[in-house]
Amino acid sequence: MEVIHSWSCPRSLSTALMYSFAQRDDIEVLDEPLNASFLKATSADRPYRDEIFASMEIDGHKVVKDFIYGPGKKKYRFYYVCDFLLAKHRILGLPSELMSKGKHFILIGNTVHILPSFDKVIPLSFLDMGLADLVSIYSDLCQMGTPPPVIDADDLQRNPEATLRGLCHDLDIPFQASMLKWEAGPIREDGVWASWWYKTVHESTGFSSPRKYPRTFNMRHYDLLEHCLPLYNTLRRHVKGKSSLLASPLAPPSLPVPENAKLFAWVGDEILPREMAKVSVFDSVVQGGDSVWEGLRIYKGKVFKLEEHLERLFDSAKALAFNNVPTRDEVKAAIFKTLITNGMFDNTHIRLSLTRGKKVTSGMNPAFNRYGCTLIVLAEWKPPVYDNDNGIVLVTATTRRNSPTNLDSKIHHNNLLNNILAKVESNNANVDDAIMLDKDGFVSETNATNLFMVKNGVVLTPHADYCLPGITRATVMELVVKENFILEERNISLSEFPLVFQVWTTMGELSPVVKIDGRVIGEGEVGPVTRKLQSAYKKLTDDSGVPIPTYQKL
């Protein structure tokens, strides 16, 4: 006989699930066989304590040997574990085979839904919720090489058949349709505590549909919720095929760089794992895109142009009248700590953001921002975005660049909707990026980068009146002069592009452009001026930058 261990937090349909498995013709169920051992060892207060001691075996070792792993008449035994201290096998010093043998799964329930119905029998406590123990059990089973399936009570209510089919598949047992229905009333396997806890399941004949609207939450449980909810979310991430009103119907996407699935980001004043790195719904960046940002690249243990990027970050924050801005040293420390924690010393990009911060209430008024700025350091493994060897293709967008009379692009702000609309146009055209024009029809930049072109031996770039005068742009302009090319800033018409031989953009580095609006640029290859400036730029990144503390060149 093989044992199926069901680890559950209370009030999560765990009893209904036990009833479901009890309907199978190949399974016998045990309802909390270690309850008496648990109460004896912990002195936990239960209104049915004396009844349990009078009717159950107290010796935990005997329970494991004679009841959980004892002989049986069916193929499987369903061992239901849902008391208020799930890790009782540790407290009782029970045999390790309780975890190492059999099949295991975990049933969780949303703490927001569980808490309003929980304290009808006993007072609430963090220990009683059992979520810390569930996380520990999940971790232990993963370390043993047998990560258990995790199912959510919400999913079980919304689609019981699909959820049970999936669980049976993961447990490698056949699904039986009998699991979906049962007769109202108790079953013989019920523990003596059934009259205290099982009233709802005794009235049921199957998994009930979820409430259309939740119960009003009792705010006296709010602090407990804040402690429990992160643990629930930790387990929820391991549920297959999540379904909810807000869940995406799409399968989890693959990442451009799979190594970024596990990384640390700086948010506010702390380092957090990827899935926990979030800002408040009251943050200004959520309320109105009220934020400034920088993009930095890391080369061989050094942050390229760090001081220049920080200068622009603080200039932008000052232009937007941010208050309680972190110091330059604090921002640099956050950058270095994030890179060091991730072990990212090369081939890395940082999205550095500084928001006006969290508000005391929703609204646009900056007077609501009384918590100070929110600093975000998002470092990712990221090779150059574009094909800098073979070149990229552009299309001209109908969306125009912001006018400085409305929103000055020299402030490196997060209000990027017109850039995003231009990018939508390039996506629809199935090309790499979009050229954006200013209000007079002159070339400004692409949706994300500055532009350069070579015409009659002169390197041309548009005036930075309607676009951001980028740091990479300034660096390239210095290299153009250093390499003895003629540089000219002027208005550039879109009609000039078919007549030139070389074009490039500045997406962190020099990205050659080989076609614009279906017209080939020059010979459709990377030109000699571009190649020379690419080499000069690479040498500059090799030779300069602010070293990352603790980095040691191999």
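Enclosure of atom CZ in F501 is not indicated, since only 12 or fewer non-hydrogen atoms of other residues, nucleotides or ligands lie within 6.0 angstrom. Other residues, nucleotides and ligands contribute only 12 or fewer heavy atoms inside 6.0 Å of the CD atom of E523. Within a 6.0 Å sphere centred on CG of N365, other residues, nucleotides and ligands contribute more than 12 heavy atoms. Counted within 6.0 Å of CZ on R490, heavy atoms from surrounding residues, nucleotides or ligands total more than 12; the atom is thus considered enclosed. No more than 12 heavy atoms of other residues, nucleotides or ligands lie within 6.0 Å of NZ in K337, so this atom counts as exposed by the packing criterion. The number of heavy-atom neighbours closer than 6.0 Å to CE of M144, taken from other residues, nucleotides and ligands shown, is above 12.
Here K423 pairs with D433 in a salt bridge; the nearest charged N to carboxylate O distance falls below 4.0 Å. No salt bridge links E525 with R531; every basic N to acidic carboxylate O contact stays at or beyond 4.0 Å. Note on E496 versus K455: salt bridge recorded, some NZ/NE/NH1/NH2 to OD/OE distance being below 4.0 Å. The pair K305-E311 fails the salt-bridge criterion, with no side-chain N (NZ, NE, NH1 or NH2) lying under 4.0 Å from an Asp/Glu carboxylate O. With salt bridges taken as basic N to acidic carboxylate O contacts below 4.0 Å, one links R236 and D155. The residues K538 and E509 are annotated as not salt-bridged, no charged nitrogen and carboxylate oxygen being separated by less than 4.0 angstrom.
Pairs of residues two or more places apart, or lying in two chains, never qualify as salt bridge (Lys or Arg N to Asp or Glu O under 4.0 Å) while including a residue from residues 255-270. For residues 319-347, every residue pair satisfying the ring-ring contact (aromatic ring centres under 6.0 Å, His included) rule, not counting sequence neighbours, is listed here: F345-Y551.
Atom CG of N491 sits about 4.0 Å away from atom CZ of F442, to the nearest 0.5 Å. Atom CZ of F264 sits about 7.0 Å away from atom OG1 of T341, to the nearest 0.5 Å. For the atom pair NZ (K482) and CG (L540), the distance works out to 7.0 Å, reported to the nearest 0.5 Å. Atom NE2 of H221 sits about 11.0 Å away from atom SG of C228, to the nearest 0.5 Å.
A donor-acceptor pair under 3.5 Å links the side-chain atoms of N418 to the main chain of R400, judged by distance alone. Checking side-chain atoms of E489 against main-chain N and O of H463 turns up no donor-acceptor pair under 3.5 Å. With hydrogens and angles ignored, the 3.5 Å screen pairs a side-chain donor or acceptor of N260 with a backbone N or O of W381. A distance-only check finds no donor-acceptor pair linking the side chain of D408 to the backbone of P404 [under 3.5 Å]. In this structure, the side chain of N110 engages the main chain of V112 through a donor-acceptor pair within 3.5 Å. A side-chain donor-acceptor contact under 3.5 Å links S316 to the backbone of H412. Panel note: side chain D438, backbone S444; no donor-acceptor pair is recorded below 3.5 Å. Judged by distance alone, the side chain of T146 and the main-chain N or O of L141 form a donor-acceptor pair under 3.5 Å. Remark: side-chain polar atoms of K382 are not paired, donor with acceptor, to backbone N or O of V257 under 3.5 angstrom.
Two residues are said to be in side-chain contact when any heavy atoms from C-beta on lie closer than 4.5 Å; P383 and N347 meet this criterion. Residues L437 and V443 meet the side-chain proximity criterion, which asks for heavy atoms closer than 4.5 Å. Counting heavy atoms from C-beta outward, L460 and V500 have side chains that stay 4.5 Å or more apart. At least one side-chain heavy atom of Y466 sits less than 4.5 Å from a side-chain heavy atom of D440. Contact annotation: the side chain of L354 approaches that of V325 to within less than 4.5 Å [non-hydrogen atoms, C-beta and beyond]. Between T374 and S291 the shortest side-chain heavy-atom distance does not fall below 4.5 Å. The shortest distance between side-chain heavy atoms of Q534 and P512 falls below 4.5 Å. Residues W504 and L533 meet the side-chain proximity criterion, which asks for heavy atoms closer than 4.5 Å.
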Verdict with supporting geometry, L231 and F126, side-chain contact (heavy atoms from CB on, under 4.5 Å): CA-CA 11 Å; L231 298 172; F126 176 78; 3.7 Å; yes
What verdict does the side-chain contact (heavy atoms from CB on, under 4.5 Å) test give for H349 and L378, after you've listed the backbone C-alpha separation in whole Å, the side-chain angles of each residue and the deciding distance to 0.1 Å? CA-CA 8 Å; H349 178 269; L378 174 57; over 6 Å; no
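A donor and an acceptor atom, one from each side chain of S495 and S493, are nowhere located under 3.5 Å apart. With no hydrogens or angles considered, no side-chain donor-acceptor pair links N369 and N323 at under 3.5 Å. Neither side chain, Y371 nor D283, offers a donor N or O lying under 3.5 Å from an acceptor on the other.
Y222 and F217 have perpendicular rings, their planes meeting at more than 60° on a 0 to 90° scale where under 30° would count as parallel.
Screening I435, N450, L451 against T505 for a side chain to side chain contact (heavy atoms under 4.5 Å, CB included) leaves a single residue, L451. For the pairing with K300, the salt bridge (charged side-chain N to carboxylate O under 4.0 Å, His left out) check across D543, D542, D346 returns one residue only, D542.
Partners of Y138 according to the ring pair (Phe, Tyr, Trp, His ring centres under 6.0 Å) rule, which considers only residues two or more places apart in sequence or in another chain, are H238. Take D387 and apply the side chain to side chain contact (heavy atoms under 4.5 Å, CB included) test, not counting sequence neighbours, and it matches D389, N390. For D170, the side chain to side chain donor-acceptor pair (under 3.5 Å) partners are K240, not counting sequence neighbours. For N324, there are no side chain to side chain contact (heavy atoms under 4.5 Å, CB included) partners two or more places apart in sequence or in a different chain.
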